[in-house]
Every structure is written in structure tokens, then in C-alpha cells.
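All heavy atoms count here, side chains included; hydrogens, waters and symmetry mates do not. All values derive from a computational prediction rather than experimental measurement. Convention: sequence-line order gives letters A, B, ...; per-chain numbering from 1.
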Amino acid sequence: MDVSPILDPLNDAQRAAVTAPLAPVLVLAGAGSGKTRVLTHRIAWLIQAERASPHSILAVTFTNKAAGEMRARIERLLGVPAASLWIGTFHGLAHRLLRLHWREARLAQSFQIMDSEDQQRFIKKLVRTSELDETRWVPREVQWFINTNKDAARRPQQLKDGNDPARRQLIALYRSYEEACARAGLVDFAELLLRAFELWRDNPELLAHYRRRLRHVLADEFQDTNAIQYAWLKLLAGADGAPFVVGDDDQAIYAFRGACAENLQQFRRDYGQALLFRLEQNYRSTATILEAANGLIAHNAGRLGKRLWTQGARGAPLRLYAAYNERDEAEFVTHRIREHLAHGGLRREVAILYRSNAQSRVFEETFLSARVPYRVYGGLRFFERAEIKDALAYLRLIANRRDDAAFERVVNLPPRGVGAKSLEALRERARSAGGTLWEAAAAPGDDLAPKAAAAIGGFMALIERVAQATGALPLHEQVDAVLKSSGLIEHFRREKVERGEARVENLEELVSAARGFAPEDAELPPLEAFLAHAALEAGEGQADAWEDCVQMMTLHSAKGLEFPLVFLCGLEEGLFPHQRSSGDLESLEEERRLCYVGMTRAMRDLYLTYAEQRRLHGVDSYGQASRFLKEIPPELVEEVRPRVQVSRPLAAGRFRAEEPAPPGVRLGARVRHGKFGEGVILNVEGNGAQARVQVSFERQGTKWLMVQYANLEPLT
DNA sequence: CGTGGGCGGATTTTT
DNA sequence: TCCGCCCACG
């Protein structure tokens with residue numbers, strides 16, 4: 001078997017990792033060092049050189065995008081479909097397991113997945129039916145309590161209230177939430193993982209079967225795993241298994257959602273004989289950018305240790321711009337983007353990265369008036385839109401009448417005369433009977449107004465009718481039938497013009513999505529597969545992703561991406577590092593890693609900007625430059641100061657004018673040069689005959705000139 | 001049952 | 001400043 005296509009494109013470190021013996025392996029893979037390449041080539045190597053069956057491979061990632069990319073690359077590498085490999089997200093694989101073994105997992109066969117929003121609504125309802133004060137038992141916080149415990153594999157029975165009444169109440173809510181989920185046949189994201197873990201833990205024979213079968217376990221972005229994910233992997237691999245995990249402690253930026261980067265160290269303890277590989281050669285950025293990023297991240301303590309390097313060019317220095325305010329910041333960026341475009345650059349090569357979403361607004365406004373097409377990442381995705389979730393709720397009920405969350409969502413949508421009173425009566429019935437809302441609605445009783453009872457009856461008949469009539473039809477016809485007979489389309493069409501229009505379009509798009517849907521596993525009825533798909537893969541944020549646009553996103557969503565030209569904006573104390581993360585060392589270090597992630601996105605040019613004054617939540621405030629700026633080796637940074645007004649220098653000793661300055665040559669002054677045109681003085685060094693100035697010319701870029709020969713003409 | 005105004009809160013996010 | 005949520009009113 002010819003393995004050269006697998007090994008030839010690799011450097012020595014990558015090849016060592018890919019061809020490592022069948023033992024536990026930890027690959028510390030720096031940004032841009034070919035992490036995905038190592039994973040995919042390792043899989044190909046296992047199959048071709050180690051003669052592993054494709055059925056014996058399980059590779060897990062965090063996002064559907066990463067999973068899809070990995071699958072595609074393996075297929076390209078092997079030249080065959082990789083359908084038989086278990087490649088997916090933790091949640092996707094857990095879901096697959098639970099569908100296969102719903103009985104052993106003690107789940108309803110037709111269980112449905114709730115996304116976080118569904119979960120929050122569900123908890124809110126629960127808090128209300130429990131007659132608790134919503135301001136004291138904030139649904140969001142209850143949700144957090146439940147999810148963190150699930151992520152740590154803790155069920156309510158294992159929790160101690162510690163004689164704290166508040167905690168006791170939370171535990172009680174957790175317990176009743178579990179009961180409500182079980183009744184309704186609902187499973188939230190954390191539950192998928194925990195349930196899959198318990199499935200193996202509590203069924204030794206099943207576990208033994210999977211251990212025999214899935215001999216090769218691989219994990220991507222290992223620093224992002226939480227406790228339950230690692231526990232699940234460990235359970236599968238077993239103490240003498242050979243898991244292959246890839247991660248980068250310097251890119252751990254998800255502690256706030258439960259990720260436990262210490263799992264990297266824990267892995268080395270759990271697998272004492274684990275082989276360690278470091279990928280430090282970077283193929284993305286210039287040496288200058290890497291040195292700057294290395295310099296920054298060196299300020300973090302307790303790293304596993306890694307230093308990126310490149311064989312590539314040194315490249316341009318980082319550019320730092322101290323803006324007067326956030327508008328000035330946006331205008332500066334716009335100006336530089338214009339230059340980039342004028343030199344033949346593409347818009348999609350440019351990324352604007354910021355700490356928080358709110359920062360996008362000023363850029364958007366500026367780009368709008370400057371007519372620069374842009375795309376903002378984040379925001380609601382297709383399957384998260386309200387109208388889509390409404391339609392899905394109908395489909396969920398058709399698939400599973402017990403789905404209380406779906407029932408509540410649409411029993412009165414479009415309005416059919418089922419008010420809060422009637423719903424409350426139904427909930428009461430369900431509660432006293434220990435059943436579902438659907439069962440409660442079907443039961444006889446005189447606690448409902450006749451009109452409401454008739455409306456509910458009509459609603460149920462509608463669901464039954466559509467379920468009967470379309471059960472055998474193709475999925476998209478089923479969806480279409482639901483939209484039409486439910487009256488949802490009509491309802492949104494009557495809504496205030498613009499928004500309603502978009503919603504109707506989205507609903508129509510849902511039919512297309514259903515038409516184009518190809519279920520991965522044929523075991524599941526198409527409708528249920530589609531619903532699971534909608535919950536597990538929320539879809540793209542914007543349809544026209546491939547128009548040539550400037551890319552705007554938070555630092556978090558930039559992870560894994562790369563751009564020739566990057567603007568890292570809003571580098572101010574309080575904003576980045578964020579106020580709420582600058583208190584303790586742990587979170588400050590996470591912020592620093594976030595900055596590191598941002599910097600290492602840049603391939604060729606990296607701009608850093610901050611605003612001396614920023615309007616935030618309606619109030620203007622004066623900020624200090626971010627401490628991260630001072631942690632980047634100053635000799636790699638060049639300050640851009642096109643403004644006449646010059647403010648305090650960033651770091652003592654840098655950008656400092658020596659006095660006495662030659663006449664007319666002042667920091668920040670505008671000057672004209674016979675050959676280079678107009679520019680601004682950025683830096684002055686030396687004096688008298690030795691004086692040199694650094695001038696940023698509008699056309700020619702930045703140049704150092706001897707004042708003596710430059711013949712600079714001062715402009716007002 | 002829909003809407004408008006008052007109120008509070010305002011990192012980061014994938015599944 | 002702005003957005004989302006809740007409640008009261010028509």
C-alpha cells in the first residue's frame with residue numbers, strides 16, 4: 001500500500017505524530033500548525049498502514065463544520081466515501097448512540113432534542129407551575145445550575161443541599177425538570193452527553209461491544225472538552241486504549257462554558273505512557289506576527305510550553321492605531337481597507353475582530369456609508385429563527401404528541417382562542433394526572449371555557465389530521481402541509497409588512513431545506529431525523545456567505561479561521577480584557593489567550609487599534625490602552641498616527657521625541673515630501689544632523705528619513 | 001389578543 | 001444607547 005500521499009505533505013513533527021505507534025498520543029498543536037491535517041492524515045494512516053477498519057474509527061470535534069471538514073479531507077485523502085467512520089460532534093455522536101440504544105438509555109423511542117432556547121422556555125414554564133417567584137428563581141440561572149451539574153455528571157440525587165434552602169430549591173427544580181423532560185420525551189444538549197455516558201457506564205456489555213469495535217478514538221480541540229466529554233472518551237478508550245487527542249492550551253477560550261483545558265494535563269496523568277508531540281511550525285503568519293503572539297502569550301503562567309516559528313518571511317511590523325474614539329477607529333479601518341482594495345486585495349481577505357458583538361455597530365454604520373460590503377458573523381441562525389421554531393414545533397408534535405414544549409409553543413399560534421387561563425387549566429390537569437399536556441387536553445373536564453375547549457379540540461384534530469394525511473408523504477410535502485393547514489403562513493403574512501415578509505420567506509425556505517435533506521442514518525423516520533438535524537445543526541447565519549465581503553466577527557468566532565489582513569479592534573482596558581474578566585488571574589489569562597487567538601488569525605498584516613474615548617451603553621468614557629498592547633514586544637509594533645493631536649505615549653520610552661526637535665518636525669505634524677507626498681510624522685529620533693523621522697505617507701507607506709536631507713515642508 | 005411603553009440589563013458560544 | 005421582556009390597556 002502506497003502511503004506517500006499520506007506522509008509526503010507532512011513536516012517531520014507532523015509525520016512523527018501521524019505515524020506514532022498505537023499508544024495514547026497527545027499532540028500539542030499551535031495555531032496554524034496543521035492540526036486538522038495531522039488528525040485526518042492519522043486516520044488515513046490507521047486505515048492504510050495499520051489496516052484499521054473504517055468501522056473502528058471514532059473522531060470527535062466540537063462543531064459540525066469541523067466534523068464536515070474532517071470527513072471531506074479524509075475522503076479526499078483516501079479517495080473513498082468516509083461514511084462508515086464515526087466522525088461527528090460530541091453531541092451528534094451521543095445522539096446517534098442514544099437513538100440506537102434508546103431502550104437501554106431509558107429514553108422514549110421518539111425522544112426529541114431541545115436546544116438551549118427551548119430548554120430555557122421549558123424551565124421558565126416549570127418555575128411558574130411550581131409557583132415560584134421568577135425574580136428569585138431566574139430561569140437562566142436555573143438553567144445554568146442544571147447544565148453545569150449535568151456537565152459534571154451529577155444527577156439531582158447526588159447533590160447535597162448543604163442545608164442551604166436556596167440550593168435545596170434548585171435541586172428540587174432540577175429534579176422536577178428531569179421528570180418533566182421524561183414525560184415529554186425531551187432531551188437537552190447536556191443530557192445527550194450525560195445520557196450517552198451513563199449508557200456505557202451502566203451497561204458493561206454494551207460498553208465492551210463498543211470498545212471492541214471503536215478501537216481508534218481521536219479528538220480534536222481537546223482543550224475545549226468539558227468533564228463529561230472527557231469522561232465519555234475515557235470510558236470508550238478504556239485504561240489501556242490508545243486515544244489520539246489534539247489540542248492547544250494556548251487557544252483555550254471556552255472556560256466560561258465549561259471547557260476544562262486542564263484535561264490536557266489530566267490526559268497525561270491518566271495515560272502516563274502517552275506520547276507527546278509538539279507542532280510548532282506555523283504555515284500561516286509572518287515571523288513578526290508569530291513573534292508578537294509568542295511575546296504576548298509568554299505572559300501566561302502554567303503553559304504546557306510551545307513556541308511558534310515559521311520558515312516564511314519576516315513580514316511587516318504590526319501596526320498600532322490609537323483612535324480618538326470608536327468612530328475614528330472605524331474610519332481608520334475603513335481607510336486601510338480601501339487601500340487594501342486599491343492594491344487589488346479582496347474584501348473577504350479582511351477580518352475585523354472584536355471582543356464583543358456590540359462593537360460591530362459602529363463598523364457597520366461606517367461601512368454602510370462608505371459602501372463597503374461586509375458580513376457580520378453570529379446572530380440567529382436559520383433553525384433558531386422564531387418562525388422556523390414555530391413550524392418545527394408543529395412537526396415535533398406530529399412526531400411526538402407528548403412534547404409539552406412544542407405543545408405550549410403552538411397551541412395558540414396562530415391565535416385560536418387558547419389563552420393563559422385555558423393553558424393554566426391544562427397544566428394543572430397534567431400536573432395532577434402526572435401526564436402530558438396532550439393527554440390533559442384529551443381528557444374530559446369542565447375547567448375549560450367551552451370556546452377554549454373547542455379551540456383546543458380543533459388544534460388536536462389538526463395535528464392528528466396532518467399526521468394521518470401526510471405520514472406517508474415525502475418530508476417536504478409534510479412540512480408544506482403543516483405550514484398551510486396550521487395557518488402559520490397566513491398568520492405571518494398578515495404581520496407588519498417587512499418582518500412578516502421575511503418570515504414567510506424563511507418558512508418557504510424550510511420546505512426547501514426539507515426537500516434537500518438527506519438523513520445520515522436511515523434507521524430513523526425522516527421527520528425525526530430532520531428534527532434532530534434542526535436541533536443539532538442550527539445552520540448558517542446568512543445565506544449569501546460567499547459574496548466578497550469584509551468579515552466581521554468576535555474573537556471567539558474567529559478561532560480556526562485565517563485572513564491575510566486582520567484588524568484587532570477595541571484594545572482597551574475594560575473592553576479587552578473585559579471588565580468582568582480582568583479580576584482574577586484565571587479569566588485574565590483566558591482573555592490573553594483570546595488575544596493570542598486573534599493575533600494568530602493574521603497571515604500577512606495585523607492592525608491593532610484602540611479608542612481613547614468610547615461610547616458604551618450610552619455613556620462616553622475614557623479608556624486606557626489594553627495591557628496586552630504592552631505585552632507585545634514593542635520593536636515589532638509600529639504606531640500609526642495620522643491625527644495631528646497626539647496623546648500620551650503608549651509605553652514609556654517608545655515613540656518619544658528627543659528634544660530639542662528640529663524646527664517644524666514634531667510628532668504628529670503633517671509634512672510634505674518632494675517625492676513621497678503628504679504624510680504624518682510618527683516618530684522622531686536623534687537630533688541635529690543625526691535626526692531621523694518616521695513619516696507615514698498617504699501613498700507610499702511609512703518611511704524613515706534623515707531630516708537633514710529630506711527637505712520636509714511643514715503643513716499647517 | 002395584540003401592542004406600546006416602561007424597566008432592567010448589556011462578554012464571549014456551540015451543541 | 002439599545003434591546004428584549006413584561007404588563008397593562010384597548
Side-chain angles (χ1 to χ4, degrees), chain A residues 60-67 88-95 113-121 124 128 134-135 138-140 147 150-151 187-194 196 221 224-226 228-229 252-259 326 353-362 365 377-381 383-384 386 412-422 451-452 455 491 494-496 532-539 541 553-560 570 574-583 587 590-591 593-595 597-598 614-621:
Chain A
V60 68
T61 63
F62 274 86
T63 65
N64 292 298
K65 199 173 148 208
T89 62
F90 279 101
H91 294 84
L93 295 173
H95 174 243
I113 302 167
M114 271 192 289
D115 68 17
S116 338
E117 197 223 324
D118 299 332
Q119 186 191 27
Q120 204 192 324
R121 292 166 82 110
K124 187 182 258 178
R128 284 189 185 166
E134 255 182 89
T135 56
V138 185
R140 277 201 64 84
N147 288 343
K150 285 190 180 184
D151 284 345
V187 170
D188 62 50
F189 287 138
E191 185 71 28
L192 285 173
L193 302 177
L194 178 51
E221 305 275 18
D224 288 341
T225 52
N226 66 23
I228 193 74
Q229 289 160 338
I253 54 173
Y254 284 114
F256 73 94
R257 68 175 196 209
E326 73 275 3
L353 309 183
Y354 37 76
R355 176 66 235 268
S356 68
N357 286 306
Q359 287 168 258
S360 73
R361 224 191 77 226
V362 189
E365 286 166 3
Y377 280 65
L380 278 194
R381 287 159 326 153
F383 286 111
E384 291 169 350
N412 200 35
L413 192 93
R416 44 173 77 86
V418 186
K421 263 269 183 54
S422 327
K451 243 175 72 184
H491 172 70
R494 271 185 285 114
E495 237 189 16
K496 282 190 189 159
H533 167 82
L536 288 172
E537 301 193 40
M553 68 196 83
T554 63
L555 288 155
H556 282 92
S557 25
K559 189 162 122 177
L575 190 61
F576 191 28
H578 195 273
Q579 192 74 53
R580 296 165 75 147
S581 303
S582 38
S587 35
E590 178 146 318
E591 295 281 300
R593 290 191 291 268
L594 197 50
C595 189
V597 166
R614 183 178 295 271
R615 171 164 279 194
L616 213 61
H617 310 316
V619 264
D620 283 323
S621 55

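Residues G419(A) and G618(A) both approach DNA chain B. Their nearest nucleotides, taken by heavy-atom distance, put G419(A) toward the 5′ side. Nucleotides of DNA chain B nearest to E590(A) and F90(A) differ in position, and the one nearer the 5' end is that of E590(A).
S116(A) comes within 4.0 angstrom of a nucleotide base, judged by non-hydrogen atoms across all strands. When heavy atoms are screened at a 4.0 angstrom cut-off, E537(A) is found touching no nucleic acid atom at all. Heavy atoms of F256(A) sit under 4.0 angstrom from at least one base atom. Looking at heavy-atom distances under 4.0 Å, K124(A) makes contact with sugar-phosphate atoms alone, never a base. D115(A) comes within contact range of no nucleotide atom at all, as no heavy-atom separation falls under 4.0 Å. Within 4.0 Å of V418(A), counting heavy atoms only, lie sugar-phosphate atoms of the nucleic acid but no base atom.
The side chain of T63(A) sits closest to dT15(B) out of dT12(B), dT13(B), dT15(B). With dT13(B), dG2(B), dA10(B) as the candidates, the nucleotide lying closest to the side chain of P415(A) is dG2(B). In the set dT12(B), dT14(B), dT15(B), the nucleotide with an atom closest to the side chain of R257(A) is dT14(B). In this structure, of dT15(B), dC6(C), dA10(B), it is dA10(B) that holds the atom nearest to the side chain of R580(A). In this structure, the nucleotide among dC1(B), dT15(B), dC6(C) sitting nearest to the side chain of E384(A) is dT15(B). Considering only the side chain of S356(A), dT12(B) comes nearest among dT12(B), dC6(C), dT15(B).
dT14(B) sits 23 Å from dC3(C) when the C1' atoms are compared, rounded to a whole Å.
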- Item | Stepwise side-chain contact (heavy atoms from CB on, under 4.5 Å) check, D188(A) with K150(A) | CA-CA 10 Å; D188(A) 62 50; K150(A) 285 190 180 184; 2.7 Å; yes
- Message: Apply ring-ring contact (aromatic ring centres under 6.0 Å, His included) to residues F189(A) and H95(A) and explain how you reach the verdict.
- Response: CA-CA 9 Å; F189(A) 287 138; H95(A) 174 243; over 10 Å; no
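Atom CD of Q579(A) has 12 or fewer neighbouring heavy atoms from other residues, nucleotides or ligands inside a 6.0 Å radius.
A donor-acceptor distance shorter than 3.5 angstrom exists from the side chain of E591(A) to the backbone of H578(A), with no hydrogens or angles considered.
When all heavy atoms of A190(A) and N147(A) are compared, the closest pair comes out as CB-OD1, 4.0 Å.
Taking 4.0 angstrom as the limit, R361(A) places a side-chain polar atom (N or O) nearer than this to OP1 or OP2 of dC2(C). Between N357(A) and dT13(B), a side-chain N or O to OP1/OP2 separation shorter than 4.0 Å is present. When the side-chain nitrogen and oxygen atoms of R615(A) are compared with OP1 and OP2 of dC2(C), none of them lie within a distance under 4.0 Å. Contact check, N64(A) against dT14(B): no side-chain N or O comes under 4.0 Å of OP1 or OP2.
As rounded to whole Å, 16 Å separates atom P of dT14(B) from atom CG of N226(A). Regarding H491(A), its NE2 atom lies at a distance of 10 Å from the C1' atom of dG2(B), rounded to whole Å. Between L93(A) atom CG and dT15(B) atom C1' the separation is 12 Å, expressed in whole Å. Distance L353(A) CG to dT12(B) P: 14 Å, rounded to the nearest Å. Remark: P of dT13(B) and NE2 of H578(A) are 12 Å apart, rounded to the nearest angstrom. With rounding to whole Å, L616(A) atom CG is found 14 Å from dC3(C) atom C1'. For K65(A) and dT13(B), the NZ to P distance is 14 Å, given to the nearest whole Å. Whole-Å rounding puts the L413(A) CG to dG2(B) C1' distance at 13 Å.
Between H533(A) and F383(A), the two ring planes are perpendicular [angle over 60°; tilted spans 30° to 60°].
A stacked arrangement is not assigned to F189(A) and the six-membered base ring of dT14(B), the conditions of a centre distance below 5.5 Å and an interplanar angle below 30° not being jointly met.
Proximity of M553(A) to N357(A): side-chain heavy atoms (C-beta onward) are nowhere separated by under 4.5 Å.
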